[in-house]
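Written out below as structure tokens is the structure these notes cover.
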Protein chains: 2
Amino acid sequence: MVKAADRAKNPARSSVWLEKRATRSGGGPAGLDRDRIVAASIRMLDEEGLAKLSMRKLATELGVTAMSLYWYVDTKDDIIEFAMDSVYGEFDLAAIDAARDWQDRIRVLAREYRAMLVRHTWMSPSAGQYLNIGPNAIAVAYKIQQAISDTGLSLDRQPGAMSAVFQFVYGYGTIESQFGRRAAEAGMSQDEFYVDSVKAFRDDPEFSPQIEGMQEILDERASHGSVGAIWDRDFDHALDVLIAGIEVMVAREAEGARRQK
Amino acid sequence: MVKAADRAKNPARSSVWLEKRATRSGGGPAGLDRDRIVAASIRMLDEEGLAKLSMRKLATELGVTAMSLYWYVDTKDDIIEFAMDSVYGEFDLAAIDAARDWQDRIRVLAREYRAMLVRHTWMSPSAGQYLNIGPNAIAVAYKIQQAISDTGLSLDRQPGAMSAVFQFVYGYGTIESQFGRRAAEAGMSQDEFYVDSVKAFRDDPEFSPQIEGMQEILDERASHGSVGAIWDRDFDHALDVLIAGIEVMVAREAEGARRQK
DNA sequence: ACCTGAACACCGTTCAAGT
DNA sequence: ACCTGAACACCGTTCAAGT
């Protein structure tokens with residue numbers, strides 16, 4: 001088994017996914033196995049958040065001491081890597097394949113990605129820190145890459161288009177899920193939390209000159225309805241922008257090719 | 001002074017920026033003040049990373065014990081919030097104002113934002129977790145909002161367009177800066193680290209069927225040049241997509257208004 | 001007003017020892 | 001093969017005490 005310290009020295013091996021591991025299930029005296037550990041950690045991460053997960057608490061939840069976990073993983077980071085890939089497995093790949101055209105396929109993928117980030121608030125801070133090359137993450141990346149390929153864009157424009165869409169979704173999902181997490185931690189609904197935040201922001205005399213200019217955006221948003229509805233609307237509008245932008249790039253490339261003749 | 005525990009109970013007051021604080025400078029016996037603490041923390045965060053910053057080490061750096069810091073801040077989180085806003089102050093607001101049109105202004109803002117995230121690798125994980133309503137962050141947000149307003153989009157479409165551009169930049173800057181951080185931690189250049197990662201990824205027999213389909217993208221990228229050049233190119237291409245998309249939305253709204261007559 | 005020492009309640013991880 | 005107890009080297013933060 002490759003130890004964490006060894007992996008740190010060899011970055012090519014810096015992910016749990018790059019070693020073969022036996023995956024016996026529940027054979028031991030405590031009935032422990034990696035799947036049970038990962039499932040329990042996802043449950044705890046969802047309920048208590050990334051900061052609250054500790055090896056000792058996770059072990060207690062599993063009726064075992066912290067040190068037992070080290071038989072199945074090398075470090076705490078490994079557990080989070082396994083948990084992340086397990087969550088990537090929640091993507092509904094069939095729904096993605098059922099999409100009519102690339103526009104629709106990108107929308108479905110974006111919506112699933114966003115929903116996943118919001119459902120598991122610990123995913124976005126974690127996703128930034130690890131390589132994400134587990135089998136389920138790769139499967140999703142492949143679907144994304146295919147959808148972008150289907151646009152007909154040239155190979156050198158595809159990565160940019162892919163980034164535009166899916167780094168946007170990552171950023172949006174991060175802000176949305178962290179907002180939800182903060183509201184939940186404060187014991188408030190998102191609507192209550194939003195009203196409170198805007199009020200506090202508005203009351204501070206230090207920023208009033210600039211707030212004037214931002215006031216109408218805040219008012220427009222407030223008039224639109226619940227915070228949840230605003231998140232949905234703005235996300236859809238952003239996807240409209242991104243898809244229209246890709247369509248323009250595709251058309252420009254077609255135009256360029258015609259002129260070449 | 002509002003204690004951290006009190007703020008947690010009152011989320012409207014959940015940011016350091018919502019309380020007035022005296023900002024005496026260096027009056028004490030140890031010559032300590034908040035500005036010195038924040039400056040030292042930024043230096044340490046840049047050099048050692050978010051995970052390595054501790055109150056004890058920061059204090060040692062300042063020639064003082066950890067507990068002294070608690071005279072100037074309530075929690076470690078406060079220090080990070082102050083450090084973040086200080087970094088938002090690095091934006092070149094004059095360069096943004098000098099831009100010719102909204103397209104150019106968005107490009108300049110996006111490039112500055114990206115550069116800031118890459119320069120300070122601890123910013124993106126931190127930015128996800130805090131409210132970001134310090135004076136410098138607000139000033140930047142105001143510039144962004146103005147650039148979007150200048151597009152001529154209707155008020156209800158502006159937030160979506162803003163998200164599309166700046167959540168993309170956040171997501172892209174996050175991946176790029178974390179990649180750089182990982183490479184640096186492994187003591188490698190980005191190019192070495194990239195080659196190593198792709199090789200490891202490719203060698204794993206478990207994913208080979210899917211890798212086939214992604215091979216040509218990897219090859220195209222490798223043929224383009226250094227990793228740094230690829231980051232730049234893909235970022236520019238993504239901005240092309242985003243700006244073209246906003247132009248389409250503006251045109252559609254103008255079309256809709258004409259038909260109404 | 002500003003700074004400290006000692007202490008509390010935690011961490012992740014190692015290592016030798018048990019069954 | 002699997003699990004544990006004790007220990008190491010850390011954390012952030014509180015509190016009473018010093019100057």
Side-chain angles (χ1 to χ4, degrees), chain A residues 1-9 16 21-37 40-41 44-45 48-83 126 129-130, chain B residues 1-9 16 21-37 40-41 44-45 48-83 126 129-130:
Chain A
M1 201 176 288
V2 182
K3 285 275 147 192
D6 298 333
R7 279 218 305 276
K9 280 176 209 145
V16 287
R21 280 156 186 269
T23 316
R24 272 173 293 286
S25 61
L32 214 55
D33 61 35
R34 213 178 62 199
D35 287 347
R36 275 196 67 209
I37 293 172
S41 69
M44 288 188 68
L45 286 163
E48 315 236 26
L50 189 58
K52 292 264 180 68
L53 183 75
S54 81
M55 296 297 272
R56 290 176 223 260
K57 274 193 269 186
L58 177 58
T60 304
E61 189 84 357
L62 288 161
V64 99
T65 68
M67 303 76 211
S68 311
L69 303 174
Y70 287 93
W71 185 258
Y72 300 93
V73 293
D74 291 333
T75 66
K76 185 186 172 188
D77 282 356
D78 285 11
I79 294 181
I80 293 172
E81 278 199 75
F82 285 126
S126 303
Q129 294 195 354
Y130 303 94
Chain B
M1 203 177 286
V2 181
K3 286 274 147 192
D6 297 334
R7 280 218 304 275
K9 281 178 209 147
V16 288
R21 280 156 186 268
T23 317
R24 268 172 296 285
S25 62
L32 213 56
D33 61 36
R34 214 178 58 200
D35 287 347
R36 277 198 65 209
I37 293 172
S41 69
M44 289 189 67
L45 285 164
E48 316 236 28
L50 190 56
K52 291 264 179 68
L53 183 75
S54 80
M55 296 297 272
R56 290 175 223 258
K57 274 193 269 186
L58 177 57
T60 303
E61 189 84 357
L62 288 161
V64 100
T65 68
M67 303 77 212
S68 310
L69 303 175
Y70 287 93
W71 184 258
Y72 299 93
V73 292
D74 291 333
T75 67
K76 185 187 172 187
D77 282 355
D78 284 11
I79 294 180
I80 293 173
E81 277 199 74
F82 284 125
S126 303
Q129 294 195 354
Y130 302 93

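What you see below is based on every heavy atom in this structure, not just the backbone, and it leaves out hydrogens, waters and symmetry mates. To find a chain, count down the sequence lines: A is the first, B the second, and so on, and within it residues start at 1.
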- Query: So does B:S68 get a side-chain nitrogen or oxygen closer than 4.0 Å to the phosphate oxygens (OP1/OP2) of C:dT4?
  - Reply: yes
- Note on the structure: With sugar-phosphate taken as primed atoms, P, OP1 and OP2 and all else as base, the protein-contact string of nucleotides 7-12 of chain D at under 4.0 Å (heavy atoms; B, S, -) is ----BB
- Any idea which heavy atoms bring A:R36 and A:G31 closest together, and the distance? NH1-O, 3.0 Å
- Task: Rounded off to whole Å, could you give me the OH-to-C1' distance for the B:Y72 and D:dT13 pair?
- Result: 18 Å
- Message: I'd like to know if the side chain of A:K76 and the backbone of A:M55 have a donor-acceptor N/O pair within less than 3.5 Å.
- Response: no
- Drop me the distance from A:E61's CD to A:L53's CG, to the nearest 0.5 angstrom. 10.0 Å
- Task: Measure from CH2 on A:W71 to C1' on C:dG18 and round the result to the nearest Å.
- Result: 13 Å
- Close approaches to DNA chain D from residues 58-66 of chain A, in residue order (heavy atom, under 4.0 Å): A:V64, A:T65
- Query: What's the spacing between A:W71 CH2 and A:L32 CG if we round to 0.5 Å?
  - Reply: 12.0 Å
- Message: Given a 3.5 Å cut-off on both pairing distances, which stems involving DNA chain C, each at least three consecutive Watson-Crick or G-U pairs, are present, if any?
- Response: C:4-8 with D:12-16, C:12-16 with D:4-8
- To the nearest Å, how far apart are B:L69 CG and D:dT14 C1'? 15 Å
- Item | Spatial distance of atom CG (A:L62) from atom OG (A:S68) [nearest 0.5 Å] | 9.5 Å
- For residues B:S41 and B:A83, report the shortest heavy-atom separation together with the two atoms involved. OG-CB, 3.9 Å
- Message: I'd like the P distance from D:dA9 over to C:dA9, given in whole Å.
- Response: 22 Å
- Task: Please check if the side chain of A:Y130 supplies one atom and the backbone of A:I80 the other of a donor-acceptor pair under 3.5 Å.
- Result: no
- Out of curiosity, A:D35 CG to A:Y72 OH, how far, rounded to the nearest 0.5 Å? 11.5 Å
- State the OG1-CG distance between A:T75 and A:D77, to the nearest 0.5 angstrom. 4.5 Å
- Item | Note, A:D74 side chain near A:V16 side chain (heavy atom, < 4.5 Å) | no
- Considering residues, nucleotides and ligands other than A:K52, do more than 12 of their heavy atoms fall under 6.0 Å from its NZ? no
